[in-house]
Amino acid sequence: MVIQLSNKLKSLFIPETRVVVFTGAGISAESGVPTFRGPEGLWKKFRVQDLATPEAFQARPQLVWEWYGWRRGQIAEVKPNPGHRAVSEFEKYFVDFTLVTQNVDGLHDRAGNRKLLKLHGDIWEIRCVQCGTARMDFTLSFNHLPPLCVCGGALRPGVVWFGEPLPAGIFDEAVQKAEGCDLFFSVGTSAEVYPAAYLPSIAKEHGAYVVEVNIESSAAASCADEVLLGKSGEVLPEILNYLSRASLD
Ligand code: OAD
C-alpha cells in the first residue's frame with residue numbers, strides 16, 4: 001500500500017517535532033479486538049447500561065465481571081499489530097512524544113510504548129471499590145465473582161465506566177500535551193466519547209497540524225488538516241517508512 005502524504009506532513013518528520021498520537025479501538029481491530037460502534041461493535045450486541053456503568057456493577061457485579069472476564073480472555077489471545085508497533089517506533093524517533101489512548105487492552109504497552117496516558121484505564125488492573133487499592137492482575141478466571149480484596153470489599157475492573165470521571169490528572173496531562181504539540185494524529189477512534197474527543201480540536205485550536213488515520217472519516221475529521229483513509233495497521237507503517245527515509249536524508 002502506498003499512501004500519499006502532503007509535503008506539509010512530510011516536513012514535520014524531524015525528531016524535534018512535538019507529537020501526540022491519540023488512539024481508539026480501531027488500532028486494535030486488526031489484532032482481533034472488537035471496536036465499540038461499528039456494525040460489529042460491542043455496543044451493538046451489549047447494552048452499556050447493563051455492563052459499563054457503576055450502577056450496573058452495584059446491581060449485578062457477577063454479570064459485569066463475567067463480561068470483563070470474556071473480554072480479558074479475548075485480549076489475552078491476541079498480539080499487537082503493525083499499527084501498534086509503528087507507534088512504538090514513533091516514540092523512539094520523536095524526542096517529545098506522547099501516546100494518549102482510550103484503549104484498555106494493554107496492546108500499546110505490549111508493543112513497547114512507555115510515554116503512554118491511558119484515559120479509560122486498563123482492563124488488566126483491578127481495584128477495590130472499598131479501600132481503592134489497585135493492582136495489575138492477569139487472572140482469566142476468578143474463583144469467586146466479584147473477586148474480593150483483603151479488606152473484604154468487592155474488586156472491580158480498573159476501567160472507566162460511563163458516568164465516571166477520568167483517572168485523576170491523566171486527562172489534564174493529555175490536554176497539556178495536545179496544547180503543546182506540533183503534530184497530532186487521531187487514529188482509529190470515532191471521536192464520539194467525551195471528554196477524550198475534545199483532544200483533536202484542542203490540538204487544532206493551539207496550532208497543531210492534525211491528521212486523522214481511519215478506515216472512514218470520523219467526527220475528528222472536521223478539525224483534521226489531513227485525513228489518511230485506510231487501516232491503521234497499513235497506514236502507520238507507511239508513515240514509519242517515510243520517517244526512516246527522512247532520517248537517512
Ligand atoms: P469506536 O468503536 O467508537 O470507534 C472505532 C473507530 O475505529 C471507528 O471510527 C472506525 O472507523 C475505526 N476503525 C475500525 N477499524 C479500523 C482500522 N483497522 N484502522 C483504522 N481505523 C479503524 O471506538 P473508540 O473511538 O475507541 O469507552 O471509542 C471510544 C470509547 O467508547 C472507548 O474507549 C470505550 C467506548 O465505549 C470506555 O470504555 C469508557
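Start at 1 and go down the list; that is how both ligands and their atoms are numbered.
- Both the sub-6.0 Å distance and the 45° axial angle are not jointly satisfied by Lys10 relative to the ring of Tyr242.
- Salt-bridge formation is not detected for the pair Asp109/Arg114: no Lys NZ or Arg NE/NH1/NH2 atom is positioned less than 4.0 Å from an Asp or Glu carboxylate oxygen.
- Relative to atom 31 (O) of ligand 1, the option among Arg37, Glu192, Glu30 with the closest non-hydrogen atom is Arg37.
- With Tyr209 as the fixed residue, the side-chain hydrogen bond (donor to acceptor under 3.5 Å, both in side chains) test singles out one of Lys204, Glu226, Lys8: Glu226.
- Considering backbone and side-chain atoms alike, Ser232 places an N or O below 3.5 Å from some N or O of ligand 1.
- The shortest N or O to N or O distance between Gly188 and ligand 1 is below 3.5 Å.
- Under a hydrophobic clustering in which Ile, Leu, Val, Met, Phe, Trp and Tyr are joined whenever their side-chain heavy atoms come within less than 4.5 Å, directly or via other members, Leu9 and Phe22 fall into different clusters.
- Close contacts between ligand 1 and Phe162 involve ligand atoms 36 (O) [criterion: under 4.0 Å to a heavy atom].
- Of the heavy atoms in Val160, only backbone atoms (N, CA, C, O) come closer than 4.0 Å to ligand 1.
- For Arg156 and Trp161, the positive end sits near the middle of the six-membered ring, less than 6.0 Å away and at most 45° from its axis.
- Here the heavy atom of the protein found nearest to atom 17 (C) of ligand 1 is Gly26 O, 3.4 Å.
- Atom OH of Tyr93 is surrounded by more than 12 heavy atoms from other residues, nucleotides or ligands within 6.0 Å.
- Within the 6.0 Å centre-distance limit, the rings of Phe46 and Trp70 are counted as a close aromatic pair.
- In this structure, the protein non-hydrogen atom closest to atom 32 (C) of ligand 1 is Phe36 CE1, 3.6 Å.
- A donor-acceptor pair under 3.5 Å is formed between the side chain of Thr53 and the backbone N or O of Ala56.
- Between Asp105 and Arg110 there is no salt bridge, since no side-chain N of the basic residue sits under 4.0 Å from a carboxylate O of the acidic one.
- The protein atom (non-hydrogen) at minimum distance from atom 14 (C) of ligand 1 is Ile215 CD1, 3.6 Å.
- Looking at ligand 1, you'll find an N or O of Asn214 within less than 3.5 Å of one of its N or O atoms.
- Taking atom 37 (C) of ligand 1 as the reference point, the nearest protein heavy-atom neighbour is His120 ND1, 3.7 Å.
- Closest to atom 36 (O) of ligand 1, if we only count protein heavy atoms, is Trp43 NE1, 2.9 Å.
- Annotation: atom 25 (O) of ligand 1 to nearest protein heavy atom, Thr189 OG1, 2.6 Å.
- The protein non-hydrogen atom at the shortest distance from atom 26 (O) of ligand 1 is Ala25 N, 2.8 Å.
- Of the heavy atoms in Trp161, none comes closer than 4.0 Å to ligand 1.
- The protein heavy atom nearest to atom 4 (O) of ligand 1 is Ser190 N, 3.3 Å.
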